[in-house]
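Heads up, the thing below is written out as C-alpha cells.
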Amino acid sequence: MEIRSIRGMNDILPEDSILWKHVRDTMHRVLARYGFREILIPVLEETRLFQRGIGETTDIVEKEMYTFEDRSGQSLTLRPEATASIVRAYVQHHLYTSGKVEKFYFWGPMFRYERPQKGRYRQFYQIDVEAFGSNDPSLDTDVIASLYDFLAALRVPGVTIEINSLGCPKCRPGYHQALKAYFSDKQVKLCPDCKSRLVRNPLRILDCKVETCHALAMNAPNIHEFLCDTCKTHFRGVRGYLEDLRIPTRLNPMMVRGLDYYVQTTFEAVSENLGAQNAVAGGGRYDGLVRQLGGPDIPGIGYAMGMERLVMILKEAGEEPMEWPCDLFIATLGKDARRFGITLAAKIRKTGKVCEFSYEPKSLKALMKLANRLNARFTAIIGEDEMREQKIVLRNMETREQVTLPMDDSLPEMIVVSLDNADDSRSTQRPPFPSSFPEKSSR
RNA sequence: GUGGGUGUGGCUCAGCUGGUUAGAGCACUGGGUUGUGGCCCCAGAGGUCAAGGGUUCGAGUCCCUUCACUCACCCCA
C-alpha cells in the first residue's frame, strides 16, 4: 500500500517552490522598507491562547483546530493563525517597553481542519504582518500600504483592496440592533443560514452569497451611519492618508471579518482570479487583543496573506514558469574527467555560480540532453580528448557557441568571465510576471 | 458536517447501447548522428482499468459498498 500525504496537506515541489521563493524574497525586501522585522513563532501553542484570542464561538475554535494532549496531558493546538501567537510573544517578552511601534512579519504554515477545496487546505501558508503600539490612522495606512506595495512588487493582476470600518465596542452594538431590527421583519425571505445568523451574528448576513439575502442586504442599514465620533474620525483619517499616497482602495460597507477581535479598520485584498475563496489577504485593527491576552491596553493592527492563493494567481498570470537557475553544467566522460570535473565544480561554486555535475556515466549525447533538462546556460565538456590535451570546451547552450579553455589555475576564473560576458550581452530581461496591478516605482 | 463531479501506464485523456490481444498524445529509454541538447523519424519499455463484492457465458463498461481526489456550501487566507 502506497503511503500518501494526508488530506489537505500538500507537497510543494521544486517546480512550484521557486515561485514561492520569489514571493518570500519579495516579502523580505518590501516589508523591510517599512521597518517590519521578522519574528519566528512556534507551531504549537497552549489551546487557551487561541480560545481567548480568536474567540470561543468562532468556527475556527469551535470546529477547525488541531487540538491534542501532549504526553504530560497539556492541551496543545497547532496554530490556526499567527496573530494570537505574535501577540503572545509581544506580551511575554515585554516588547511594549521598547518605546516604539513594534512591527513584525512572519511566514509559515497554519493548520485548520476543514474540507479542502480550491484555495483552501488543512495545512496552508500565511504571510503575517502585525504592528503594535499606535492607534493613529497613519499606522493603519502604512500597514495597508505595505500590503499594496507587496502585491504591486509581485505584479499581482486583478486585485482590489477593499476597506471598511467595523466600529468599536461602543458603537457596534447599536449597529447590531439596527441590523436585527431591519432583518427581523424580512425573516421569511432569508436563507436558512441567515436565519441563524440573525441571532448569532447579524453582520454575517451582509456577506451572504444567496441572491435574495444579498438583495435584502443592499438596503440594510449602513455601518457608517452608526459609527461613533472617534471611529468616524479615525476612518476618515485612514482614507485621507490612503488617498494622499494614491493607494487605490474600494470602500465596502458590507465587508465583515470572521474573527472576533477586529475593530475599526478592516481590509481585504480580493482577486477576480480565484475560485470561491477570493480573498488573498485580510486583516484589520484589533485594539483590545493585547489586553485580552494579558498584556497592557495596547492597540494593534495586521493582516494575513494566503500563500497558496497568491501563488495561484501568479501562476495563472505568468507567461513563462520560473525555473531554478543553473549557470553551468559540467559534463564529464570517463573516470579521469570525472575526477577533474568534480573539483572544478567545487571551485565554480565558490565563485557563487550555480553549478551542476554529471554524476552518472552517460554518452555525450545523453549528457547534452541532461544539460537541457537542467536548464543549464553553459556546459563544460570534459572528455578523454580534453584530458589528453589539457583543455576544456565551454558551450553556450543558447547560442551554441563553443570556446576552448586551457586547464590551468585560471580556468575557474576564465569560465566565470565567459558566463558574465554572456549576461551582459543579454540586453533586456523580461519580468517574470506581467501586470495589470499598477507597479509603484521602487528603488 | 452537507451536496455535486471524477477515479483507465509517470501526466492529460479516448474506450459508442457489456463481447474476447485496453488505445492515443506528452514524458521516459535506445537508435537514426562511432563525442554535442531542443525539431524530426523509427523502435522499445511501462496498466491487478482506485479497492472489495455482486449481476452475467462474458465487466474498464451495469449494480452495491468503501476509499481517494476535486468543486461548492459553512467559514476563512
Side-chain angles (χ1 to χ4, degrees), chain A residues 1-8 10 15 54-55 57-65 79-83 107-129 147 191-194 196-197 200-201 204 207-210 255-259 262 267-271 274-284 302-313 329 331-334 337 362-388 393-402:
Chain A
M1 188 52 192
E2 183 189 30
I3 299 178
R4 302 176 49 93
S5 61
I6 52 187
R7 167 181 284 229
N10 305 119
E15 57 180 285
I54 303 172
T57 59
T58 56
D59 274 22
I60 294 181
V61 172
E62 271 183 352
K63 48 185 199 192
E64 295 174 2
M65 294 204 303
R79 62 179 178 221
E81 56 120 50
T83 306
W107 173 83
M110 308 296 160
F111 304 84
R112 291 183 201 171
Y113 192 88
E114 302 178 85
R115 281 286 277 273
Q117 69 186 70
K118 189 179 168 77
R120 162 144 23 124
Y121 310 101
R122 290 184 171 180
Q123 173 172 338
F124 61 102
Y125 291 77
Q126 283 189 337
I127 289 170
D128 202 75
V129 173
L147 170 60
C191 71
D193 285 329
C194 282
S196 72
R197 286 183 180 122
R200 292 203 328 259
N201 190 351
R204 288 236 172 286
D207 228 13
C208 188
K209 284 158 194 154
V210 176
M255 187 180 75
V256 171
R257 307 257 60 236
L259 306 165
Y262 286 115
F267 53 97
E268 223 168 72
V270 296
S271 165
L274 293 169
Q277 316 301 323
N278 67 345
V280 209
Y303 61 87
M305 188 158 6
M307 276 291 278
E308 287 84 354
R309 294 180 189 181
L310 196 54
V311 167
M312 210 180 289
I313 301 172
F329 171 58
T332 62
L333 293 151
K362 284 184 198 296
S363 69
L364 184 57
K365 182 189 171 110
L367 287 170
M368 296 309 288
K369 255 186 153 167
L370 223 177
N372 234 47
R373 212 167 286 169
L374 289 166
N375 193 33
R377 291 174 44 227
F378 280 81
T379 299
I381 300 168
I382 310 171
E384 274 136 27
D385 299 352
E386 285 75 16
M387 289 309 287
R388 200 179 315 116
V393 172
L394 185 65
R395 179 182 177 87
N396 183 324
M397 297 302 285
E398 200 183 326
T399 65
R400 319 184 82 163
E401 288 165 346
Q402 295 191 171

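Values reported hereafter were calculated over all heavy atoms of this structure, with side chains retained and with hydrogens, waters and symmetry mates removed. Letters go in sequence order (proteins before strands), and every chain restarts at 1. Only a predicted model underlies this, so the values are computations on that prediction, with no experimental measurement involved.
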(request) Identify the nucleotide, in any strand shown, that forms a Watson-Crick or G-U wobble pair with B:G7, with both distances under 3.5 Å; if there is none, say none. (result) B:C67
(request) With a 3.5 angstrom cut-off on both distances, give the Watson-Crick or G-U wobble partner of B:G1, or none if there isn't one. (result) B:C73
(message) Under a 3.5 Å cut-off for both contacts, is B:U55 paired Watson-Crick or G-U wobble with anything, and if yes, with which nucleotide?
(response) none
(message) Using atom P in both nucleotides, what's the gap between B:A24 and B:G44 to the nearest angstrom?
(response) 11 Å
(message) Can you check the distance between B:A45 and B:U34, where both ends of the measurement are the P atom (answer in whole Å)?
(response) 25 Å
(request) Could you let me know what B:U61 is paired to, Watson-Crick or G-U wobble, both distances under 3.5 Å, or none if it's on its own? (result) none
(request) Could you state the atom-to-atom distance from CG of A:Asp128 to C1' of B:C76 in whole Å? (result) 14 Å
(message) Measuring only the P atom in each nucleotide, how far is B:C26 from B:C42? A whole number of Å is fine.
(response) 11 Å
(request) Name all residues meeting the side chain to side chain contact (heavy atoms under 4.5 Å, CB included) criterion together with A:Arg204; count only those two or more places apart in sequence or in a different chain, and write none if there are none. (result) A:Arg197, A:Asn201, A:Val256
(request) Would you check if A:Ile381 and A:Met368 make a side-chain contact, meaning some heavy-atom pair closer than 4.5 Å? (result) yes
(request) Give none if B:U36 has no partner; otherwise give the nucleotide forming a Watson-Crick or G-U wobble pair with it, both distances under 3.5 Å. (result) none
(message) Please report the distance separating the C1' of B:U6 from the corresponding atom of B:C13, rounded so that it comes out in whole Å.
(response) 13 Å
(request) Going 5' to 3' through nucleotides 65-75 of chain B, assign each nucleotide B (protein heavy atom under 4.0 Å from a base atom), S (under 4.0 Å only from sugar-phosphate atoms) or - (no protein heavy atom that close). (result) ----S-SBBBB
(message) Which residues pass the side chain to side chain contact (heavy atoms under 4.5 Å, CB included) test with A:Ala281, not counting sequence neighbours?
(response) A:Leu147, A:Ala269, A:Met305
(request) Check side chain to side chain contact (heavy atoms under 4.5 Å, CB included) between A:Ala331 and all other residues, then give those that pass, not counting sequence neighbours. (result) A:Phe329, A:Leu367, A:Thr379
(request) Provide the distance between the two P atoms, one in B:C40 and one in B:A77, to the nearest whole Å. (result) 48 Å
(request) Can you tell me the pairing partner of B:C28 across any strand shown, Watson-Crick or G-U wobble, with both distances under 3.5 angstrom? (result) B:G44
(request) Please state the C1' separation for the pair B:G7 and B:G37 - nearest whole angstrom. (result) 38 Å
(request) Taking the side chain as every heavy atom from C-beta outward, state whether A:Phe124 and A:Arg309 have any pair of such atoms under 4.5 Å apart. (result) no
(request) Taking the side chain as every heavy atom from C-beta outward, state whether A:Glu308 and A:Asn10 have any atom pair closer than 4.5 Å. (result) no
(request) Sequence neighbours left out, what pairs pass side-chain hydrogen bond (donor to acceptor under 3.5 Å, both in side chains) with at least one residue falling in residues 117-126 of chain A? (result) A:Glu114-A:Arg120, A:Gln123-A:Tyr125
(request) Indicate, with a heavy-atom threshold strictly under 4.0 Å, whether A:Ala279 touches base, sugar-phosphate, or nothing. (result) sugar-phosphate
(request) Considering only atom C1', compute the distance from B:G52 to B:A68 and round it to an integer number of Å. (result) 15 Å
(message) Testing A:Asp128, A:Ile127, A:Thr83, A:Val129 one by one against A:Tyr303 for a side-chain contact (heavy atoms from CB on, under 4.5 Å), which residue passes?
(response) A:Val129
(message) Suppose you measure atom P in B:C16 against the same atom in B:A72; what distance do you get, rounded to whole Å?
(response) 30 Å
(request) Let me have a per-nucleotide readout for nucleotides 26-40 of chain B, 5' to 3', with B, S or -, counting only protein heavy atoms under 4.0 Å. (result) --SS-----BBBB--
(message) Run A:Glu268 and A:Arg257 through salt bridge (Lys or Arg N to Asp or Glu O under 4.0 Å) and show every step you take.
(response) CA-CA 9 Å; A:Glu268 223 168 72; A:Arg257 307 257 60 236; 3.0 Å; yes
(message) Would you say that A:Arg388 contacts A:Asp385 through its side chain, given a criterion of any heavy-atom pair below 4.5 Å between the two side chains?
(response) yes
